[in-house]
Trainee: 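The following block contains the structure, expressed as structure tokens.
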Amino acid sequence: MQGDGAGYELDLEEVDAFAEAAHQGQERRPGAPYVDHVRAVRRILEEEFPEPVDDVTLAIALLHDVLEECDVHPTILLERWGKEVQEGVTLLSSRLRALGIERSPAVYWSGIRRGPRSVRLVKSADRIHNIRETLQHPREDLREKYVDETSRELLPILRDAREVWMVERLEELVERLDA
């Protein structure tokens with residue numbers, strides 16, 4: 001399937017292999033390979049979200065942490081998968097590790113709000129997985145962050161965008177996390 005119409009071939013198996021190689025040796029929690037997280041985000045969009053999700057969005061889901069957590073330069077994403085994927089992943093990155101750039105929370109959340117729907121869907125699925133993982137493996141610092149940030153930043157963006165399914169899932173998860 002074509003990426004953004006600019007001749008970039010979007011092979012999700014290749015994107016997955018890139019994400020796995022980029023996150024090689026990283027763990028989310030003891031014994032859990034980091035790549036399991038990005039694959040879980042993809043699965044939420046493919047298997048739980050009630051609308052079909054295009055391959056660009058699924059590629060962004062698989063790559064959403066490579067700029068923040070790995071030494072991957074944004075140009076690599078642009079060259080391999082095109083502008084739409086590269087820009088989506090960049091908007092989802094509060095830090096561009098390879099460039100030594102940290103973005104302020106205001107700039108980050110503004111990008112989520114103003115960016116394409118794919119960015120909001122991936123951010124929502126990412127947060128769904130993060131909260132589910134925190135419910136299974138409690139960490140007080142993450143619990144507080146996810147309750148506050150989801151309620152203050154993400155849910156208003158999703159309500160404005162009329163992403164009802166994502167709002168309902170996240171409200172329920174925040175309520176469980178805050179209990």
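Any value given below was found using the heavy atoms of this structure, including those in side chains, with hydrogens, waters and symmetry copies removed.
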Trainee: Evaluate E171 against R159 for salt bridge (charged side-chain N to carboxylate O under 4.0 Å, His left out), listing each step before the verdict.
Mentor: CA-CA 11 Å; E171 285 177 339; R159 287 185 191 110; 2.8 Å; yes

Trainee: About how many Å separate CG of L158 and CZ of R127, when rounded to the nearest 0.5 Å?
Mentor: 10.5 Å

Trainee: What heavy-atom pair brings A61 and V41 nearest, and what distance separates the two atoms?
Mentor: CB-CG1, 3.9 Å

Trainee: Identify the two heavy atoms, one from A22 and one from C70, that lie closest to each other, and give their separation to 0.1 Å.
Mentor: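 Between these two residues, the closest heavy atoms are O-SG, 3.2 Å.
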
Trainee: Please say which of D54, D126, I128, L121 ends up in a side chain to side chain contact (heavy atoms under 4.5 Å, CB included) with L45.
Mentor: L121

Trainee: Could you tell me which residues satisfy salt bridge (charged side-chain N to carboxylate O under 4.0 Å, His left out) with E20, sequence neighbours excluded, listed by chain and number?
Mentor: R39

Trainee: How close do V85 and L63 get, heavy atom to heavy atom, and via which atoms?
Mentor: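 Between these two residues, the closest heavy atoms are CG1-CD1, 3.8 Å.
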
Trainee: Measure the CE-CG distance between M166 and L155 for me, rounded to the nearest 0.5 Å.
Mentor: 11.5 Å

Trainee: State whether a side-chain donor-acceptor pair under 3.5 Å links R143 with T134.
Mentor: no

Trainee: Supply the atom-to-atom distance E149 CD to L142 CG, rounded to the nearest 0.5 angstrom.
Mentor: 10.5 Å

Trainee: Are the charged groups of E144 and R139 less than 4.0 angstrom apart, N to O?
Mentor: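 The answer is no: the pair does not qualify as a salt bridge.
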
Trainee: Between S118 and I60, which heavy-atom pair has the shortest distance, and what is it?
Mentor: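 Scanning both residues completely, I find the closest heavy atoms to be OG-CD1, 3.7 Å.
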
Trainee: Donor-acceptor pairs under 3.5 angstrom involving side-chain atoms of residues 91-98: please list them, not counting sequence neighbours.
Mentor:
residue: S93; atom: OG; partner: V89; partner atom: O; Å: 2.7
residue: S94; atom: OG; partner: E68; partner atom: OE2; Å: 3.1
residue: R95; atom: NE; partner: E68; partner atom: O; Å: 3.2
residue: R95; atom: NH2; partner: E68; partner atom: O; Å: 2.8
residue: R97; atom: NE; partner: D71; partner atom: OD1; Å: 3.2
residue: R97; atom: NH1; partner: E69; partner atom: O; Å: 2.4

Trainee: Under 4.0 Å between a side-chain nitrogen and a carboxylate oxygen: does that hold for E46 and R43?
Mentor: no

Trainee: Would you mind reporting whether V147 and I131 have side-chain heavy atoms less than 4.5 Å apart?
Mentor: no

Trainee: Would you give the length of the straight line joining atom CG of L12 to atom CZ of F18, rounded to the nearest 0.5 angstrom?
Mentor: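 If we round to the nearest 0.5 Å, L12:CG and F18:CZ are 14.0 Å apart.
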
Trainee: Name each donor-acceptor pair under 3.5 Å that joins a side chain in residues 172-179 to protein atoms two or more places apart or in another chain, with its distance.
Mentor:
none

Trainee: Partners of E163 by side chain to side chain donor-acceptor pair (under 3.5 Å), sequence neighbours excluded?
Mentor: R117

Trainee: Quick one: is the NZ or CZ of R169 closer than 6.0 Å to the six-membered ring centre of W165, and within 45° of its axis?
Mentor: yes

Trainee: If the condition is salt bridge (charged side-chain N to carboxylate O under 4.0 Å, His left out), which residues does E168 pass it with, not counting sequence neighbours?
Mentor: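 Result, salt bridge (charged side-chain N to carboxylate O under 4.0 Å, His left out) vs E168: none returned.
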
Trainee: Output the distance between atom CG (L78) and atom OG1 (T90), rounded to the nearest 0.5 Å.
Mentor: 9.0 Å

Trainee: Walk me through whether H64 and K123 qualify under side chain to side chain contact (heavy atoms under 4.5 Å, CB included).
Mentor: CA-CA 9 Å; H64 79 269; K123 181 61 185 179; over 6 Å; no

Trainee: Report yes or no: do L99 and V72 belong to one cluster of Ile/Leu/Val/Met/Phe/Trp/Tyr joined by side chain heavy-atom distances under 4.5 Å?
Mentor: yes

Trainee: Measure across L10 and A59 and return the closest heavy-atom pair with its distance rounded to 0.1 Å.
Mentor: CD1-CB, 4.0 Å

Trainee: Find the distance between OH (Y146) and CG (L170) and round it off to the nearest 0.5 Å.
Mentor: 12.0 Å

Trainee: Between R103 and Y108, is NZ or CZ placed under 6.0 angstrom from the six-membered ring centre and within 45° of the ring axis?
Mentor: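 No, R103 does not sit over the ring of Y108.
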
Trainee: Kindly write out the residues that satisfy side chain to side chain donor-acceptor pair (under 3.5 Å) with R162, not counting sequence neighbours, or none if the list is empty.
Mentor: none

Trainee: Around E140, counting heavy atoms of other residues, nucleotides and ligands shown, do more than 12 lie under 6.0 Å from its CD?
Mentor: yes

Trainee: Go through the steps for Q86 and W81 under the test side chain to side chain contact (heavy atoms under 4.5 Å, CB included), then give the verdict.
Mentor: CA-CA 7 Å; Q86 182 267 322; W81 297 294; over 6 Å; no

Trainee: Could you go through the side chain to side chain contact (heavy atoms under 4.5 Å, CB included) check for R113 and R120 one step at a time?
Mentor: CA-CA 7 Å; R113 179 178 293 281; R120 288 184 294 281; 5.9 Å; no

Trainee: Would you say H23 and D65 are linked by a side-chain donor-acceptor pair, where the criterion is simply a distance under 3.5 Å?
Mentor: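 No - no donor-acceptor pair under 3.5 Å links their side chains.
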
Trainee: Tell me the closest heavy-atom pair linking V66 and A19, and the distance in Å.
Mentor: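 Here V66 and A19 meet closest at CG1-CA, 4.5 Å.
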
Trainee: Using the rule that Ile, Leu, Val, Met, Phe, Trp and Tyr join whenever any side-chain heavy atoms are under 4.5 Å apart, tell me whether V164 and I44 fall into a single cluster.
Mentor: no

Trainee: Evaluate the side chain to side chain contact (heavy atoms under 4.5 Å, CB included) criterion for residues V15 and D11: first the C-alpha distance (whole Å), next the side-chain angles of each, then the deciding distance (0.1 Å), finally the verdict.
Mentor: CA-CA 6 Å; V15 175; D11 177 342; 6.0 Å; no

Trainee: Start with the C-alpha gap between E48 and R132, add the side-chain angles, then the distance that decides, and say whether salt bridge (charged side-chain N to carboxylate O under 4.0 Å, His left out) holds.
Mentor: CA-CA 14 Å; E48 296 180 44; R132 287 175 178 170; 2.7 Å; yes

